Structures are given as C-alpha cells and as structure tokens.
Amino acid sequence: MAFTFAPFSYMLALLLTAVLIFFTIWHIIAFDELKTDYRNPIFPSPPQVPDSQRSTPIDQCNTLNPIVLPEYLIHAFFCVMFLCAAEWLTLGLRMPLLAYHIWRYMSRPVMSGPGLYDPTTIMNADILAYCQKEGSCKLAFYLLAFFYYLYGMIYVLVSS
Amino acid sequence: MQVPSGYGVHPQNYIPPSGHYPQGPGKMTSLPLDSQCGDYYSGLYTVPTQNVVTSNTANQQPGAQHMYGRGPPAPHIVGSTPGSFQGAASSTSHLHTSASQPYSPFVNHYSSPAMYSANSSVASQGFPSTCGHYAMSTVSNAAYPSVSYPSLPAGDPYGQQMFTSQNAPTVRPVRDNSFSGHSTAIGHPSPLPPPPSHQYHQQQSLSGCSTLSWSTSGLPSTQDNLVRNHTGTLATASSNPTNTVADSLSCPVTQNVQPLKSSPVVPTVLPGASSTRTPPAANRPVEPVASVTQPSELLQQKGVDSSSTTSSASPVPNSYDALEGGSYPDMLSSSASSPAPDPAPEPDPAPAPAPSAPQPSKMAKPFGYGYPALQPGYQNATAPLNSAVPPSSPGYSGFQPYAQYPGMNQLSSSLGGLSLQSSPQPESLRPVNLTQERNILPMTPVWAPVPNLNLDLRKLNCSPDSFRCTLTNIPQTQALLNKAKLPLGLLLHPFRDLTQLPVITSNTIVRCRSCRTYINPFVSFIDQRRWKCNLCYRVNDVPEEFMYNPLTRSYGEPHKRPEVQNSTVEFIASSDYMLRPPQPAVYLFVLDVSHNAVEAGYLTILCQSLLENLDKLPGDSRTRIGFMTFDSTIHFYNLQEGLSQPQMLIVSDIDDVFLPTPDSLLVNLYESKELIKDLLNALPNMFTNTRETHSALGPALQAAFKLMSPTGGRVSVFQTQLPSLGAGLLQSREDPNQRSSTKVVQHLGPATDFYKKLALDCSGQQTAVDLFLLSSQYSDLASLACISKYSAGCIYYYPSFHYTHNPSQAEKLQKDLKRYLTRKIGFEAVMRIRCTKGLSMHTFHGNFFVRSTDLLSLANISPDAGFAVQLSIEENLTDTSLVCFQTALLYTSSKGERRIRVHTLCLPVVSSLADVYAGVDVQAAVCLLANMAVDRSISSSLSDARDALVNAVVDSLSAYGSTVSNLQHSALIAPSSLKLFPLYVLALLKQKAFRTGTSTRLDDRVYAMCQIKCQPLVHLMKMIHPNLYRIDRLTDEGAIHVNDRVVPQPPLQKLSAEKLTREGAFLMDCGSVFYIWIGKSCDNNFIEDVLGYPNFASIPQKMTHLPELDTLSSERARSFITWLRDNRPLSPILHVVKDESPAKTEFFQHLIEDRTEAAFSYYEFLLHIQQQICK
C-alpha cells in the first residue's frame, strides 16, 4: 500500500483549498458590498439611518484584514508540502501565486496590524476594482486547483 | 406690428407658464430670479464683472458674494419667504433669519414683500384689462409688474400668479423703503399715461437692446437714451428719483421678458433689456446689477417662450438672440461672461433691424427648447397653448449650438452681431499655435467657461465658485472621453461663504424617492402633481405642501418654489436627519509647550488671538471649550465654573492616558469665561523656563480624542517639533542632501498609521483635528498630516516660525488665527455627491473619510475646504442631453441647527470630440490633475506623477491634433480652450509639490501637496500659477469701484523675467504670499510715494508693509492690494523684494515661464511636448 506523503498532501490541499475558496468568496462579497451602494429603496425618510447602518469601509477592512495572512500562509504551506512531496509540477503551478502574494504583502500600505486593506483608500475606485478583479481571479484559480488536486490525488493513488 | 405683437404676446404668455412648470425656476418669480441671479450671476458673471466692471458698478463689491449681499438678491429670497409666511400656513416656509449677519437684512422685507405682491398683482390685473398689451408694456417700464403683465392679459391664472411673484421679486431689488410706495404708485399711474411713448421706446429699445446685448459693457448712446427715457417715465410715475432708476432697471428686465416673448410688446421690453445689460448706465450700479440679473433670467425664460412667436415681431427676436448670442461667445471663450468685461463696445445696430421673421423662430429654438426637450410631458401640455410655437423644432439645439445651428450661418450674414455665435467654430475651438503665440496668457483673469446651456438653465446653474466640472460638455460615452484624453471630474467648494443664500424651512424636504436627490431647478414637472427626477428619471409625486408657494402665497405652482428656482439652497432639516440631538460647538485646543514651542513664542500670539476672538467663536449658549498642553507629560486644565482660578492637572502616564476629571475639562464658554481668560493670560508665561524638550503628541491626541468623543467637535493642535514620546513617535526621515535630488523623493507617505487610525476614530466620533505645525526643523508632516486628512480637519504650516525673528510668519499666524477662530463651521457633517445615472464617482480628493461610494464623512466642514472628485462614465449617456450633479452637505451649524446645503450643477452632453474640447475648463482640469498627481506621488513616486502630468498634456494635445484639427502636424496646435494647459502643467511641475532639482524641504513639499488636496480651486490656481502685475504705473483706467474705493485693474503679466524691467515695480500674487519686486532703477517717485523711502538704496531688506501715504499712487497700490487680500480667506503676507536682495530667489522661483537650471522654460517645454507628440 502506497499511501505516501504525496497523496496525503493532495488530500490536505484539497481540504484547505475549500477553505481558501471560502475566504475568497468572502472577499468578493465584501468588496461587492462596498461597491454597490445600498441606496435605500422606496422609503421616503431619513437618509442618515441607512447610511449609519451600512457597513463602512472600516468594518469591512476590519473583517477582511485578519483573513489575509491566514490565506497567504495556507498557500505557502501548500508549497512547502508539495516541495517535500517532490510534486514538482504542482509546485510549479503554485509558485507564481506565492510570488504574487509575497509581492502583494510587501507593497501593502503602511499599517501597524496585519492585513492589506486600508479603509481610507479602499473606496478609491481603482483599488476597489483591483481588489474585485483579484478576488475573482483567485476564485477561478482556486477552483481549478481544487479539481487539479482531486485529479492529482487520484492519479497519485492509482499510479502508486 | 403692434397687433401681431399683441397676439404673439398672448401665446407667449401662455407658454411661459407652462414652461415654468417644468423648470419654472428661471422665469417668473422675481424672487427666485433675484436670488438665482445673485448667485449665478454673481458667481458666473459677477466675478468677471468685478474686475471688468467699469465705473458704473462702483458700488459693487469685488466678490460675487458681495453682489448678493447688496442688494436685491438677498432681500429677494427673504422677502419671498416672508411673503409666503404671511399668506400661507406659517409652517410651510420661512427664511431663516438666524443671528448670523447675512440673513438679518431680510427681515425688513418680510412685511413689505407681501404688501407689494398684493399691490402689484392688483395693478397688473387691472392693467391688462384696461390697457391691453401696450399699456402693459408701458407699465412695465414704469413699474415693476410689467413682467407679469403678459401673462395677465392672457388671463391665465398662472399668469396672474406669476405676476404676483414677479412683482414681489422685482420690487425687492429696489430698496426696501421705496418699495411699498413705489409699487403702488408706479404701477398705477405710470402705465396709463405713457403708452404711446412707450411704444416709441419699444422700437428704440429694440435697437438699443440688440446693441446692448452685444456690446454689453460698451453702452452706446442709444442705450443712454433709452435709459433716460425710462427714467423719465419712471420719474413721472414714482416720486423718488433714485428709486425710479432702480425701478426702471428692474422693470426693464421684466419688460424685456415680455418683448422677448412677444415681439409686439417688444419696445418696452427692449429698453428694459438694455438697461439690464448695461448696468453702468443706471445711476446706481448695485441695484442695476441686481435687476440685471433678474432680467436676464426672465429673458431667458421669455426667450424660450419667444420661440413660439414667429410673428412679425422679428425685431424683438433678433435682439433677443443677440442678447443670448452675446453671452454665448463670452462664455465659451471663458472670458468673463459678465457684462463687466465689455470687451467690444460694438454697438451693432445691425442686428436689430436685420431680423427677419424666419430668423427669430430659429433663434428661439435653442433657447426655448432646452426645457421642452427635457420634459416632454410638459411640452405637450404647453404645445396646445402656443399654437404659434414650433413644437417641431429640434429639441436641444440650445445645448449644442455649434453642431446644431444649421441655420445660423446663413442668418449670420444678416445679423452682424451674431457672427461670433454663429461661426462654425466657437471661440473655444479656435486653433492656437502654441509655439507661435508669444503671449498666451490673457491680460485679464481667466474665468470659468460657462456651460453651453440655454440661457434659462445657464442662469439657474450653480456658481462656478462652488461647483465646477473639468469638462463643461460631458462626453456621451467613456470611449469618447478616452479619446479626448482629458480628465473628467468635479471641483467643489461646497461650504464657501455666501452672503446670500435661500434658506428653506419646510416640513417635508422634497426628494426623489428612489435616488434621494433633492428637488432642484433641473427637474421636470410632468404636471402639477408630479415631477421627474433629473438624476434617475423616476417620476415622483409633488407633496401637498410643495404645491403652496410661500413666495407668492399662491397655490399650485410647485415650479416656482425657491427650491426649484435656485441651484444653491439650504434646508433646515428636521429630526429625521439627526442621529442624535445636534451637538453644541465644542472647541479643544491642544498646545505644545515644550522648550521648542516656548522658544518659538507662538503661545503669546495664540492666546492673544483667542482672547480677542473669544466672543466671536461660532456657537450658541452651549458652546464648550477646553485646553490641554503637553510636553513629555500631558496637562489638563480644570475650568469648572466656581473655581477661583484654573486648575492644572498633570498626567504623566503617557502610555495609558486617562482623563483626570472628565466633566470639568470641557466647560461652557460663557459660564467659565473669566477662568478661561485667566488661563489665556497666564499660559504664555507658565512655561517660560521649561527644560522639557520632548513632545508626547500621540498620547495628547489620544487624550483629546477621549475628551471629545462624547460630543464631537473641533480639536486644534499646535505642534512645533517631531513627536518624540509615547505612541505615534516619529523619527526624522529627511536626508537634507536629497532635497534637491532629481531622482527619487522618498517619504512622501506616512511613516506610521497611528495618526491615520486615530483620525478615523476621531471621525467616527465627529471630531476633526486641525493641525498647526510651527516648526523650524523637519517634523514629518507626511505622517502628522494624516490626523487632519482623515478627520476632515485642515492643516496649517508655518515653517521657521519665530515670533520675533520671523515677524511676517508671526503676523500671518495672527491673521490666519483670526479667520480660523471666527469663520463659519459645520459639525457632524456628511456630504453626498449624486450624479445622473450613467456617471459614477471614481475617486475623491480632499480631507475627509469616504464612507461609501458617494458619501463623505466630514467631522467638521469649514468654508475654506475644497474637494475634488474624479468621475467615470459607466453607461452611455445617449438618451439624455443633460447631466446633473448634486452635492448635499448635511451639517450641524454652530447654532445647533441641522442644515442641508444643496448645490446642483447641470451640464450638456455632447457626442462629438470637438464639442468636448470646446468645453474644457482648463483651470479645473489642471486642479484635478494636480490632485491626481499628489495621489500618484504618494502611492507610486514623484517622477511617475511628473511623467503623468506631462503625458496629460501630450495625450490631450496629440488627441486633439489627430482628431479634431486638420491643420498640419508640424505645429503644436491646441484649441483655444486648452491653450493654457501646457503653461499650467509646467507651472505644476515647478510647483513646490512636484518640482525636482530645486532644493525643497520635505515638509514644504508635503505641505504643498496637502494644500493641493484641500484648497478650493480659486486659491489653488493662484498657488499653481501666480498672478503678476506691474504696479508702478497704476491708472484708473478700467478700474472697478469697491466700497467707494477705486481699485485699479492692471493687466496680468506673464511670469517671465522678460517682463520685469528695472524701471518697474511688480506685484506677484501667489495666493498665500505677495511679493513686490522693486527694480533697481525704479522710479524714485514711486519708491517715495508708495514705499515711503527716498530712493532704491534706502529700502530695507525686510519690508512687509506698505506705509499709508497720502499720495495717489500709494492709494492706488494699497487699494489694489487690499482688494486682492479681501478676496481670500487667509491673509497673505507681503514681502517687498529688492532686486539684488537675497530674497529675490524666492520671487524668481515663481517665474515659471523662465528656464531654471533644473527645469524647462515654457518654450522648451512646448518643444518637448511637440517632440513627444511626434514620436
């Protein structure tokens, strides 16, 4: 029986990728919420109330920032895992994203806490659009990766 | 003639009312008109007038605002509201006569307006029946009511209502006292006798009008005659000569309207028009101006109406067209739209006679049609009434004159005066060969281009001082915008000081139910009960309360409400608009008292200033004030009432700051005034011997936040060095050797996010932090500024401040403080910017926190704060011809009132690239680019930002060259509207914020960037491109009169040393600094008469004041400088710079057209651009 480290890492990656997909969806929803302004529908009274109830960029950033590092670490963890399992192809596929993550975190705005998103600039349309695009690209990548891991796991199991 | 005219009149009358519904604002109610006029006129037009205005308008003050205040406009609004009061349910609308100055004058009017309106209405009714049109026209000349007359004869209820409203407004412009007497007297007596003469007048007036319209300023003799005639009639009618003049002015306006509408009536009207146009003729400059504004609006509306008149009235329409046309070219050319400029007095008698029947109809279309097009529903309704009106006329021609004036060219030949307008290429598109044009800078200040709307809308539109768009013709699609390579955005000055502002109290503030837009002059009324939102196109109901018009005390005229007559209004908001009871005014002063601060000596100045202005701090009886000082510890002051003297409480635990006695640190200003005064007297001497050099700014701010968070308010922080203790401590990041580096400029961004986070916390608690940085060394403004940037505060920087060594800075601080302490303030504010569906906000610039895509959170709003917004076009605007922008600023006034100030701007949409270029507001574009460049330098790098600026010029000019102009490509061609673009961008590149290669301290650079972000456009432009005047030969030629002072208006000089002659003396106005450069061989007479020294050699090196000498040249120079100073909130300091003195490098740095060792000259820059384009 060849239940070696490689299939194990694929299984773990499968599970963790599900987590990453969840994070990414969370991102996408949060940015979408920021972008689409909930103009209160037909309700002829105070403008203030809806405004105050609306989630502010501060809230959104406070919820998003804590999950940025975990996502990056999980992804880095994959890379280490596949490195150890000597799955070079998979590792090669993962490396670009790892590099992107490193670059992204290096170039984050000046912040004392962990995270990427600055509530004072997040509403800037360019940045918001970038974040949204990043979110959807990542979602696509993770989804493909999910199926790739599934395939890879079965392939490794079968071939061994 | 007469008969047809009469007919024409009737239909017109009818039409106008209908027209009113949709957009009622312009036309009828004098009240709204006045107010609008005041606003717009002054804003758009008056400004130019000030400069331009000749002696006639002596009374006018420099600013548009002044105009407001003076006369008519302010009263109008007030008056109107008061009138409504009397008549109507008291609650519906009021004017607020708050304690503050501007409104109070209105009070007087209250009783009077109602009276007048009643009188006038009566009179008007009587007239029409008796006199018929002629009589009416005559009446109009003599008396105010004339405007409404046309409607009356028609017998429409609307007309009557209109009438009343109009009367009231017209009356108001005139002096209050005279009003009652006049109105009655004038209206009745005058009309009857004069009719025949009036007719005569009319004819003359027609000719006069046309001339007037064209020449605006250059009053031909005919005008004078007309005026005299009028006055004569008036005199007969009314006893007061002065009043008569004013009346006549106002009357004519109204009259003008009639003539415009109906050609037959014309004669009377025309004179009025002429009078309006030519305020100078009138004895009283101020009043005429006001009246003028009204008339113009009236005219516009009428003009719209006039479209219906195809009749023989041709002369009238011509004149009318001429009027409009006259304004058009001016507007486009960006020269002052106001009458003042009166560049070409060309009397053009031709236009008046020339008019043939067909012309008028065509002409009329553009104007008249703008509205109908907008509101199809309305059109239909009106159409039946004006059978004569050409409904078939293609809608919007008004908006796009160039493209759509097919007939114009043909007509133009006959209409000499119209040639400018009708020329296929508007002035703003005239190709300018930049490299050939040596004097690109105009001699007169550059005014904002006026959107190419029909006259109605134009008059209603928001003042460019408050609201400007970089493109006054909005491209239809993003693709078109991309092709034009021009930035699209808005520049706002929402809370600027206005001397006149309609304030509306109403139970229901009418807003669109889906997009929450406030009702504004650009909505369309589908019928009496429904209106269509101009931003989202939803059809809304008109609430019952809105049907009643308080101004006219009439029912069923929602289109005449002040909300619909003014594009800048202020609402008193109900409790619906409050999340909590309105906060009191709360001021906290946080003062650095370390050794460095004491050494600089700012405390003396501050305390002195505070003592002087303690009673002028804006606020009500709840006003609270508190003080904190800090060095390495934090000191609180217990000022609780009942103490015998202030108690100082020291907290030395700066790691965990707490408030020793939270309740007694912020105290009521009035209850504890004695203690406060004691403290202020003691403070400057309390720390004289301190040896503490550390500064715990961060903890002090945390304490301030704790102290303020229950209420919110304003924190003023005075800091003199780098914070060195506790949270938020900073390290010096500047490398002095890199100051003149041409490569990378680092550290433009903050070193820590401590200040930003604290600012966001403050913003959440409605607390704004204003930073005064008085420091001689590097203090890392880039980090410190965050505390103000994100809490909507403001930043003041006084480099190398010292109260004795640097007296000019000390004086500046003193003056700035006076303004700072006493200016208006709004608390717990939010500002929302809405725009027509299809456009969206992209990025905001200024000091605030963005809460959502269109909502800015402003803990405080100050009248000196400006904002910029980048826009993008998300959906094509093909199905609309107009777009509107609305900013609503909801704030708590210092009196504890919740108020909403609403500005609405309306702009046309164009589909051709040429039109986009024709509508560029180059100043706005440059200011927006500057804002974007600041962002770019912080997020990317300074060199990126500089490249982007250059590319902006290269791209737009090459796009223009390849698409619009078909001239040879070897030359650098720009449309006239963009001819200053390269110059301004070069000026930006040489501005402290963006320059490289010249030694610039990091803090100076960062401060310049902060200013770019938060200064309103007018002040920013001076900072970017200073104005240079030669002042040793001031003459009264072209001088304007302000407050009985003669203010000379020397021509602008280009910023080049070639203009500096050794024999001259030059004044450079850089916004916050004035330099007077004295040439070496300057005339000794000038030096003696103005500077008070016998010769050049005896002028001291440091001179910051002009002595008050009793000579003509001294008087002129001083009145000019004072006038320049009065126009801005922060008093600039004056430096007299001798040629050869070391200080002259400062001065020469601003000569941006010259070459420096590190930067291009203007000509080289042009060549560089040309090279880039050819690549």
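Atom set for the values below is all heavy atoms of this structure, side chains included, hydrogens, waters and symmetry mates excluded. Letters go in sequence order (proteins before strands), and every chain restarts at 1. Just so it is clear, the model here is predicted, and its values are computed rather than measured.
Between the CD1 atom in A/Ile58 and the OG atom in B/Ser857 there is a gap of 8.0 Å [rounded to 0.5 Å]. Atom OG of B/Ser840 is separated from atom NZ of A/Lys35 by 7.0 Å, given to the nearest 0.5 angstrom. A/Met111 contributes atom CE, which lies 7.5 Å from atom NZ of B/Lys757 (distance to the nearest 0.5 angstrom). Residue A/Asp126 holds its CG atom at 9.5 Å from CG of B/Asp935, rounded to the nearest 0.5 Å.
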* side chain to side chain contact (heavy atoms under 4.5 Å, CB included) between A/Asp118 and B/Lys756, intermediate numbers included -> CA-CA 10 Å; A/Asp118 175 358; B/Lys756 181 196 289 178; 2.3 Å; yes
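Shown here for B/Thr843 and A/Asn124, the closest heavy-atom pair between the two residues is OG1-OD1, 3.2 Å. Between A/Leu34 and B/Thr853, the shortest heavy-atom distance links the atoms O-CG2, 3.6 Å.
By the 6.0 Å contact criterion, CZ on A/Phe77 is open, its count of non-hydrogen atoms from other residues, nucleotides or ligands being 12 or less. Crowding of A/Tyr130 atom OH: a count of heavy atoms from other residues, nucleotides or ligands under 6.0 Å exceeding 12.
Contact annotation for B/Ala759: neither backbone nor side-chain heavy atoms come within less than 4.5 Å of a heavy atom of chain A.
At a threshold of 4.5 Å between non-hydrogen side-chain atoms, the residues B/Phe849 and A/Pro119 count as touching.
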